[in-house]
Amino acid sequence: MNRSLEVVSVSLGSARRDHEVTVERGGVTFHVARRGTDGDLHRAEHMIQTLDGTVDAIGLGGIDISLRVRDCVYVLADGVRLQTAAKVTPVVDGAGVKDTLERSAVTRLVADGVLAPGTSVLCVSALDRFGMAEALAEAGCKVVYGDLMFAAGIPYPVTTADELAELAKKLLPQLGKLPFHMFYPTGDEQNRPPDPRFASYYEEAEVVAGDFHFIRRYLPERLHGKTVLTNTTTAEDVALLTERGATRLVTTTPVLSGRTFGTNVVEAMARAYAFGREEPSGNALADVLQTLAIAPEVRVLS
Amino acid sequence: MAADGALSDALSEFADQINRDERLRQMIRDWNRWLRCVALDTGSSAGLRVQDAEVHVVDPPSEEDILLEGAEELLVGMFKGEVSPTEPYLDGRLRVKGSQEDVLRLDFLSLMIWGD
């Protein structure tokens with residue numbers, strides 16, 4: 001009989017997106033559940049405390065514990081609060097796998113000819129995925145990093161990874177202390193209809209990359225011919241992108257029973273499989289991802 | 001009521017920092033706002049007008065988009081970059097009234113000037 005592991009993702013996102021699957025990977029049966037708390041930090045904290053010691057790993061969805069930008073790590077107070085709510089079960093936010101998987105996704109798209117020097121890319125959120133941000137720049141793409149626009153409504157496109165790192169240094173030490181919901185859609189905020197303010201940046205881009213909640217928040221009516229490079233998507237999200245004419249959907253994590261789970265889930269699976277509370281070092285996490293056959297997925301939509 | 005000394009001077013420094021920075025002016029090009037600061041301990045008050053990508057100190061407006069209230073020393077320190085507004089905001093020493101997006105933009109601007 002296969003070893004059986006239980007992983008739960010506690011998300012600040014809408015409970016409408018809750019889901020459970022059972023998957024076989026690496027000779028192990030994973031029971032994976034996603035539980036949304038509709039933006040309620042207290043509820044998330046309580047849920048983690050209740051799950052602590054009863055499941056093999058907990059993923060944090062819709063919030064980061066820290067953001068890594070080059071050699072700097074910027075801690076987010078609300079994320080740390082949730083992480084430390086568990087004393088026994090490891091709690092992870094996906095940062096450990098993001099760099100690996102997101103760079104792999106960019107490498108794959110370069111190999112497929114979707115990304116090339118000069119390809120115009122809109123990266124709606126880059127500070128939460130600096131590995132991808134840098135990989136796109138290294139591939140020679142013409143990138144607009146939209147963090148100020150899409151997180152704060154400030155009409156300023158960042159156009160180099162160096163400037164992005166500079167902004168991180170100026171903003172994140174203090175912003176990390178603020179309530180997370182001030183700059184990331186949680187709960188019902190995720191269901192708001194799209195805001196057309198920055199539609200021109202979508203129109204100019206051949207590839208739209210970043211967090212799907214931000215992508216969706218400003219999604220224009222037509223995405224004809226565009227590739228979307230993102231993370232967690234449900235069947236409903238895929239239908240929306242297809243309806244709007246997107247050509248290709250690339251997710252940094254694979255489809256598990258009809259949807260992609262966030263990097264926090266994938267990292268939780270890897271931690272449950274091989275590491276427990278011990279922090280993996282070197283290439284250990286990347287090796288486990290390979291064992292579990294976790295890799296970016298490309299879907300042609302139209 | 002006319003804009004008062006120390007608070008007005010601090011707002012003036014803040015305005016100058018933005019007005020001479022092309023990047024910051026680009027960040028406010030769509031943002032036309034009235035801001036009022038009130039020192040709860042001394043009664044001092046001052047205003048800022050943000051319009052057409054420029055910031056100017058004005059007499060405190062009668063109707064504002066953003067209202068900041070706190071001790072005068074705190075407000076002066078914030079607008080001179082000597083005090084970060086984050087902790088006073090979180091612990092209630094700084095009261096801010098305005099839309100979340102406006103408050104965040106003001107915070108971003110001050111961090112862009114004095115962050116790091």
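Naming convention: chains lettered A, B, ... in sequence-line order (proteins, then strands); numbering from 1 in each chain.
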Q: Does the distance from a Lys or Arg side-chain N to an Asp or Glu carboxylate O, for D102(B) and R33(B), drop under 4.0 Å?
A: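 Yes, D102(B) and R33(B) are salt-bridged.
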Q: What part of L172(A) is in contact with chain B, defined as an atom under 4.5 angstrom from a non-hydrogen atom: side chain, backbone, both or neither?
A: neither
Q: Whether R36(B) and E69(B) form a salt bridge (side-chain N of Lys/Arg under 4.0 Å from carboxylate O of Asp/Glu) is what I want to check.
A: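 Salt bridge between E69(B) and R36(B), a charged N being under 4.0 Å from a carboxylate O: no.
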Q: Before accepting this row, confirm whether a basic side-chain N of the pair D162(A)/R70(A) lies closer than 4.0 Å to the acidic partner's carboxylate O.
A: yes
Q: Using a heavy-atom cutoff of under 4.5 Å, enumerate the residues of residues 75-98 of chain B that contact chain A, numbered in order, or state 'none'.
A: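 The list, in residue order, reads S84(B), T86(B), E87(B), Y89(B), L90(B).
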Q: Under 3.5 Å, is there a donor-acceptor pair linking the side chains of E204(A) and S120(A)?
A: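 The criterion, which ignores hydrogens and geometry beyond distance, is not satisfied for S120(A) and E204(A).
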Q: Does the pair E54(B)/R29(B) count as a salt bridge with the N-to-O cut at 4.0 Å?
A: no
Q: Salt bridge check: are D38(A) and R16(A) linked by an N-O gap of less than 4.0 Å?
A: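 Judged by the 4.0 Å cut-off on N to carboxylate O distance, D38(A) and R16(A) do not form a salt bridge.
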Q: With no hydrogens and no angle check, do the side chains of Y74(A) and Q174(A) hold a donor and an acceptor under 3.5 Å apart?
A: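 Short answer, no.
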Q: So, do Y202(A) and Y218(A) have ring centers that fall under 6.0 Å from each other?
A: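 So the answer is no for these two rings.
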Q: Judged by modelled atom types alone, do E102(A) and T252(A) share a side-chain donor-acceptor pair under 3.5 Å?
A: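 No, because no side-chain N or O of E102(A) sits under 3.5 Å from a partner of the opposite role on T252(A).
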Q: Can you list the residues of residues 16-28 of chain B that sit under 4.5 Å from chain A, counting heavy atoms only?
A: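 Checking residues 16-28 of chain B against chain A gives R23(B), Q26(B), M27(B).
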Q: Ignoring hydrogens and angles, state whether a donor on the side chain of R35(A) or S11(A) is under 3.5 Å from an acceptor on the partner side chain.
A: no
